[in-house]
Q: 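Before I ask anything, here is the structure I am working with.
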Amino acid sequence: MAELRQDVDPGAAGLDPQALERLDRHFARHVDEGRLPGWLLAVARGGRVAHLSTYGRRDLAAGLPVEADTLWRIYSMTKPVTAVAVLQLVEEGRLSLDDPVDRHLPEFAEPRVYEGGSGTAVRTRPARGPILVRHLLTHTAGLTFGFYHKHPVDALYREAGLEYSVPPGKDLAETVEVYARMPLQFEPGTQWNYSVASNVLGRVIEVVSGQALDGFLADRIFHPLGMTDTGFCVTPEQGPRLAELYGETDDGGIAPISGLPVRGRPRFLSGSGGLVSSAPDFHRFMEMLRRGGELDGTRLLSPGSVALMTRNQLPGGAELSAFGAQVHQERGNDGLGFGFNVSVVTDPARTLSPSSPGTYGWTGVATTAFWVDPARDLTVQFMTQVRPKTLKVFPELRRLVHEAVLG
């Protein structure tokens, strides 16, 4: 089992101890006031953990504390892991970023694009070009989520049982076939829309590698990196360390809710949001990226592939707020581009919180987050388990971490 512990004084790592204490007090108030059950924060520079703090409970009813080895549903922080797996296949020549997806998944041949109307009166036309693998990695394929309630195609997803990404009882292959029957919101490569694309990538990985997604990720990423607590399910031995999942209530409190079924191998292996992990494990994943694809003598990717993954891939260097579909045209996306399943800071002055150019990372719907700041040689992860309605943790987290960096 990987371990995580503080191994350098904050001051020696160029961090302000008083600012870090202020950060901890701020998030402790979220727990004391009932907005979070408990949390873990780890800040490292140059690969050395300079601040590791926990507060509150992983299970309120049982009174169990958050500990360094607590297990968390990381939801969309699964996506960068999926991107690494795709790039491994690209490096081996078994896949190309410019492969049409239908070369590997024939059900995506002859995609159609939304033209107008709604419900049974939706009009579509043939797409001008195929969906490419790179479109899936950058969420520019024209796919969507059913829960947006913003576009007539979203409604078609819901009618097909895809409000929560997967029809009940279906596996990954069966679900991706349903996606392929849906019209695209727009021409591939012309807009950014956060979507089910990483589930399609998971199926591409299965077909190209000849392995189930969980087996491929275990063999090619988790085992080589020593990520022994990361996977699509928890064992009976790991079970007591799994954090309870909560949802924000209408009055700003929290209450337990059902989450991903992770006690036993799930039928649906989601490359979009299915993983459970621990802070020690995810620290090792971040370190692999920070070091250009290598950790402790084990290389997963070339430095060039990591550089490709972690720089803005939107056409013409566009920002998410300008290139995004309507649901994403919001100020919170100003100053951000998008790489392969990670956001990338392109203009710190336009972001809502301080950052450095080239900082990349992503979040999970249960309020987990990570980022890597190459300019400051900094990695940060924050783990908790609340699906929010109004709670906004990440801008204040970025601001408070930034205030602690002395140089």
Side-chain angles (χ1 to χ4, degrees), residues 76 79-80 82-84 86-87 90-91 95-102 108 111-115 125-145 148 150-151 153 183-198 200-201 204 272 289 292 301-363 371-375 398:
S76 288
K79 291 180 174 69
T82 300
V84 167
V86 169
L87 290 172
V90 170
E91 287 194 349
L95 187 64
S96 168
L97 295 175
D98 292 313
D99 277 352
V101 173
D102 66 281
F108 281 94
R112 298 188 66 83
V113 178
Y114 173 81
E115 193 169 51
R125 57 171 174 76
R128 289 192 288 269
I131 302 170
L132 306 180
V133 170
R134 68 170 63 249
H135 294 150
L136 297 175
L137 284 164
T138 55
H139 291 270
T140 59
L143 302 169
T144 191
F145 280 120
Y148 284 147
K150 293 287 187 178
H151 191 280
V153 174
L184 305 179
Q185 277 198 13
F186 47 80
E187 285 290 339
T190 63
Q191 293 186 56
W192 185 85
N193 190 50
Y194 195 54
S195 71
V196 298
S198 292
V200 181
L201 286 171
V204 170
S272 178
L289 293 176
L301 288 176
S302 69
S305 290
V306 175
L308 194 66
M309 172 180 169
T310 59
R311 69 172 178 249
N312 187 16
Q313 294 288 338
L314 299 183
E319 292 183 2
L320 291 177
S321 56
F323 198 71
Q326 183 178 2
V327 69
H328 303 294
Q329 292 175 355
E330 54 192 34
R331 184 162 180 258
N333 286 328
D334 286 347
L336 294 178
F338 202 77
F340 293 158
N341 275 346
V342 289
S343 64
V344 183
V345 174
T346 56
D347 185 350
R350 287 173 51 77
T351 63
L352 287 178
S353 51
S355 55
S356 304
T359 296
Y360 61 88
W362 202 238
T363 63
W371 71 86
V372 179
D373 182 340
R398 283 186 179 271

Q: Could you check whether any side-chain heavy atom of V204 comes within less than 4.5 Å of a side-chain heavy atom of L95, counting everything from C-beta outward?
A: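 The answer is yes, as the side chains (C-beta and beyond) meet within the 4.5 Å cut-off.
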Q: Any side-chain heavy atom of L137 sitting closer than 4.5 Å to one from V86?
A: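 Side-chain contact under 4.5 Å: yes.
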Q: Could you tell me whether the side chain of E319 and the main chain of G335 form a donor-acceptor pair under 3.5 Å?
A: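 Yes: the side chain of E319 pairs with the backbone of G335.
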Q: At what distance, to the nearest 0.5 angstrom, does CG of N312 lie from OG1 of T138?
A: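 Here the rounded value is 10.0 Å.
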Q: Less than 4.5 Å apart, side chain to side chain, heavy atoms only: is that true for F186 and N193?
A: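 They are in side-chain contact.
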Q: Please report the interatomic distance CG(L320) to CG(L336), rounded to the nearest 0.5 Å.
A: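 With rounding to 0.5 Å, CG (L320) is 6.0 Å from CG (L336).
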Q: Identify the heavy atoms of P111 and G129 that sit nearest to each other, and give their distance.
A: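 Residues P111 and G129, closest heavy atoms: CG-O, 4.2 Å.
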Q: Can you spot which of V306, L301, N341 makes a side chain to side chain contact (heavy atoms under 4.5 Å, CB included) with V84?
A: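 One option only clears the test, and that one is L301.
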Q: Does any non-hydrogen side-chain atom of P348 lie less than 4.5 Å from one of P357?
A: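 With C-beta onward as the side chain, the pair touches.
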Q: Does the ring pair (Phe, Tyr, Trp, His ring centres under 6.0 Å) test come out yes or no for Y360 and W371, once each step is laid out?
A: CA-CA 5 Å; Y360 61 88; W371 71 86; over 10 Å; no
Q: Please report the C-alpha distance between L97 and V90 in whole Å, then the side-chain angles of each, then the deciding distance to 0.1 Å, and finally whether the side-chain contact (heavy atoms from CB on, under 4.5 Å) criterion is met.
A: CA-CA 7 Å; L97 295 175; V90 170; 4.1 Å; yes
Q: Can you name the side chain to side chain contact (heavy atoms under 4.5 Å, CB included) partners of A375, sequence neighbours left out?
A: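 Expected list: S356, D373.
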Q: Is it the case that the side chain of K79 and the backbone of S272 share a donor-acceptor pair, with hydrogens and angles ignored and the cut-off at 3.5 Å?
A: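 Confirmed, K79 side chain pairs with S272 backbone.
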Q: Hey, can you tell me if F145 and Y148 have their rings parallel, tilted or perpendicular (30° and 60° cut-offs)?
A: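 Rings of F145 and Y148: perpendicular, as their planes differ by over 60°.
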Q: Examine the side chains of S76 and Y194 and answer whether a donor and an acceptor come within less than 3.5 Å of each other.
A: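 Looking only at side-chain atoms, Y194 and S76 do form a donor-acceptor pair, the distance falling under 3.5 Å.
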Q: Starting at CZ of F108, measure out to CG of L136 and round the result to the nearest 0.5 Å.
A: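 Here the rounded value is 7.0 Å.
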Q: Could you give me the CA-CA distance, side-chain angles and deciding distance for V345 and T351, then say whether side-chain contact (heavy atoms from CB on, under 4.5 Å) is met?
A: CA-CA 8 Å; V345 174; T351 63; 4.3 Å; yes
Q: Nearest 0.5 Å, what's the CZ-CD distance between R128 and E187?
A: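 Rounded to the nearest 0.5 Å, the CZ-CD separation comes out at 4.0 Å.
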Q: Enter the distance from L289:CG to M309:CE here, rounded to the nearest 0.5 Å.
A: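 Those atoms lie 5.0 Å apart.
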Q: Would you say R398 and T359 make side-chain contact, with heavy atoms under 4.5 Å?
A: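 Of all side-chain heavy-atom pairs linking T359 with R398, at least one is under 4.5 Å.
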Q: Over all heavy atoms of both residues, which pair between P130 and D102 is shortest? Give the atoms and the distance, please.
A: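 Scanning both residues, the minimum pair turns out to be CB-OD1, 4.3 Å.
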Q: Hey, can you tell me if H151 and Y114 have their rings parallel, tilted or perpendicular (30° and 60° cut-offs)?
A: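 Ring orientation, 0 to 90° scale: perpendicular.
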Q: Going by the rule side chain to side chain contact (heavy atoms under 4.5 Å, CB included), which residues pair with R311 if we only count those two or more places apart in sequence or in a different chain?
A: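 Listed in chain order: A307, L308, Q313.
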Q: Do H139 and S198 have side-chain heavy atoms sitting under 4.5 Å apart?
A: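 Sidechains of S198 and H139: in contact.
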Q: For the residue pair D334 / S321, report whether a side-chain donor-acceptor contact shorter than 3.5 Å exists.
A: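 Indeed, the side chains of S321 and D334 share at least one donor-acceptor pair under 3.5 Å.
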Q: Are side-chain N/O atoms of Q191 and T140 paired as donor and acceptor at under 3.5 Å?
A: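 Side chains of Q191 and T140: no pair found under 3.5 Å.
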Q: First locate atom OG1 of T190, then atom NE2 of H135, and finally report the distance between them rounded to the nearest 0.5 Å.
A: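 One gets 8.5 Å once the value is rounded to the nearest 0.5 Å.
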Q: Does any non-hydrogen side-chain atom of I131 lie less than 4.5 Å from one of L184?
A: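 Yes, their side chains come closer than 4.5 Å.
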